[in-house]
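These notes are about the structure you will find just below.
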Amino acid sequence: MARDPVADALAAMAALSLAMPGARDALAAVTASLERDRRVDLARPLFRPVLDLHHRAVLEQPRAAAHAVLAAWETLLEPASREELRFLVEAPPVTPAPVATVQRRAPQVSPLPWALDAPLPESDEPGAEETIPERQEVAKPSAHPSGIARKPGPPPMSLATFHARVLEEIVDRVAMLANHRATLPVSELASRDAQLRAQLDAFQVLGPARGAMLLDLHARTLDDPDPQRPLAFVLLLGTLPGSDALAATEQVIRALPNHGPRGLRAVRTTGEGLFLSPHPGVIVAAQRFARADRAVLRGAAIECLLRTAAPTLDDLADALVDPEPVVVATALRALCHVPEAQKVPEIAVRLLDHPDPEVAFQAARTTTLFGLDEARFRLRSGAGLARTLGERAVTILALTGELSDMETEEAIVRRLEPTPSLLGSLGRFGNPRVAAFLLHYLAREELRDAAHDALVTLFGPLVEGEAALDPSVWRAEIRRLAPDPEVRLRRGLPHSPAAVAAEIGSRALDRAETALRLDELMVEVGRFFPSDLTGWAPSVERVIEFATSRFAQEVGHAEQGR
């Protein structure tokens with residue numbers, strides 16, 4: 001059975017106090033449950049008594065507790081906290097200097113230890129004597145075994161403070177891992193998901209006050225610019241039981257922006273958080289959020305529902321005419337998944353004239369995925385759609401990839417400022433004549449990575465190693481390749497569905513780039529299939545496997561019909 005990090009941590013905590021009554025029984029119960037049922041979830045109710053023993057040990061045996069906490073929680077602690085615990089663990093005990101004493105008369109009172117709150121003397125008769133300390137030098141800290149003098153350690157940390165610091169670290173790590181899930185190659189997704197689940201388990205160990213602590217942290221960090229923090233809060237709240245967790249989730253989403261790029265990003269991240277949430281009531285809550293008075297809630301609900309339940313046209317009717325563009329754009333994404341597929345292109349075409357860039361892009365993507373050339377024809381005619389879409393006009397052209405669109409592509413690019421997204425679209429379009437344009441930006445620090453990736457997409461890995469960012473070396477290799485300027489390329493070969501499928505199957509691209517290739521593949525084979533990549537690693541793997549096998553099936557049928 002795979003080791004469970006939470007079980008290991010709690011076992012280490014229990015080990016520091018095995019001599020305490022009940023500790024052995026509690027630890028034995030957890031171990032037996034894990035071994036018998038082979039499922040960690042069934043052992044969760046038994047973790048509480050072990051954790052209670054740990055809390056007692058922190059108060060009664062601070063040095064032993066520091067050993068166990070450092071071993072069990074080291075990966076969750078901030079660097080400063082780790083240093084505090086290491087000092088407690090490593091510093092040898094301070095031996096006080098001998099106490100000089102003087103003799104004086106002691107009162108005839110009860111034999112309680114002398115203390116500040118001891119009873120005052122009732123008489124001053126000569127008799128018994130007591131020992132009291134004389135003024136003395138404070139014992140200096142012992143030296144470190146290396147011979148370097150150690151500074152006094154920080155004051156003891158309360159358990160509440162320790163838990164608060166652990167919680168902050170958990171939220172930061174969940175946000176970081178959510179970003180990794182989106183930006184690292186798809187092949188890394190499984191390992192990041194395992195780390196993310198470990199953080200969710202660690203959150204459970206913080207006890208019954210963890211929900212209140214989380215909401216307090218959220219209120220104190222509303223201005224944090226990290227776009228993945230809302231997903232972290234939504235996902236952690238989803239691990240709490242009851243309807244209060246869903247009400248708190250609604251509060252978190254309500255606090256996010258409603259408009260523009262920030263609103264759209266909030267809709268996407270919180271929708272993903274709702275989709276990944278383990279709370280059993282999340283779908284019912286999302287259905288309620290879809291009727292909320294706040295656009296970010298409505299959009300996040302649609303993002304969740306398009307992945308968890310196939311929406312119908314009736315479900316999306318209000319969202320498609322919503323006054324907030326972030327909701328309309330999200331409804332267009334969901335429109336691709338409705339069972340009434342024959343009605344989708346007609347609805348999307350009507351939204352091509354929408355003034356919001358995101359709505360117009362989603363309408364153009366949807367019409368293209370469902371086999372209509374309306375968006376491409378409008379871009380070729382120089383109509384307002386090209387101005388509305390900006391750089392993403394090239395993304396739409398890259399989906400259809402007609403040789404006759406090369407001049408249209410070049411005309412659009414001349415009007416735009418270069419961005420990583422634009423360079424990536426140029427690489428996917430496959431026009432060899434943009435090589436000089438990409439090589440120019442290979443020399444600019446802020447765009448060199450995007451330019452390099454676009455060159456690899458277009459010509460393949462012609463240059464590797466230290467010279468991979470050298471424009472002169474690339475120029476020489478491209479001349480040696482001598483590409484035909486009238487043939488679209490993908491990684492140095494003529495563009496084909498097989499080349500696109502190979503990129504998807506390599507799992508070397510991040511989620512966004514893989515999604516763009518999936519769109520290309522759907523246009524190439526003339527079939528739409530659900531291709532969401534925001535789920536846990538097994539579901540993403542199923543999408544990739546289905547996409548590449550569906551491609552092989554479609555090509556095989558096409559060749560048989562020739």
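The basis for the numbers below is simple: all heavy atoms, side chains too, and nothing from hydrogens, waters or symmetry mates. Remember, it's a predicted structure, so these values are computed and weren't measured experimentally.
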**Asked** Among V413, L416, I412, whose side-chain contact (heavy atoms from CB on, under 4.5 Å) with E391 holds?
**Response** L416
**Fill in**
side-chain contact (heavy atoms from CB on, under 4.5 Å) test vs E402 passes for just one of R376, E409, R488, namely R376
Of the non-hydrogen atoms in [X] and [Y], which two are nearest, and what is the gap between them?
X	Y	value
P461	V456	N-CG1, 4.1 Å
A300	T270	CB-OG1, 3.3 Å
L206	R210	CB-CB, 4.0 Å

Could you state the interatomic distance from [atom1] ([X]) to [atom2] ([Y]), rounded to the nearest 0.5 Å?
X	Y	atom1	atom2	value
E250	I253	CD	CD1	8.0 Å
L177	L200	CG	CG	9.5 Å
E324	H259	CD	NE2	4.5 Å

**Request:** Could you label the plane-to-plane angle of the F546 and F529 rings as parallel, tilted or perpendicular, counting under 30° as parallel and over 60° as perpendicular?
**Result:** perpendicular
**Criterion side chain to side chain donor-acceptor pair (under 3.5 Å) on Q199 and Q195, from CA distance to verdict** = CA-CA 6 Å; Q199 299 304 309; Q195 295 177 51; over 6 Å; no
Hey, are the side chains of [X] and [Y] touching, using non-hydrogen atoms and a 4.5 Å cut-off?
X	Y	value
T514	V543	no
R294	F289	no
R511	L184	no
T368	D519	no

**Message:** If you count every heavy atom of other residues, nucleotides or ligands that lies below 6.0 Å from R262 atom CZ, does the total exceed 12?
**Reply:** no
**Message:** Could you check whether F361 and H354 have their ring centres less than 6.0 Å apart?
**Reply:** no
**Request:** Kindly write out the residues that satisfy side chain to side chain contact (heavy atoms under 4.5 Å, CB included) with T308, not counting sequence neighbours, or none if the list is empty.
**Result:** F275, I283, C304, L305
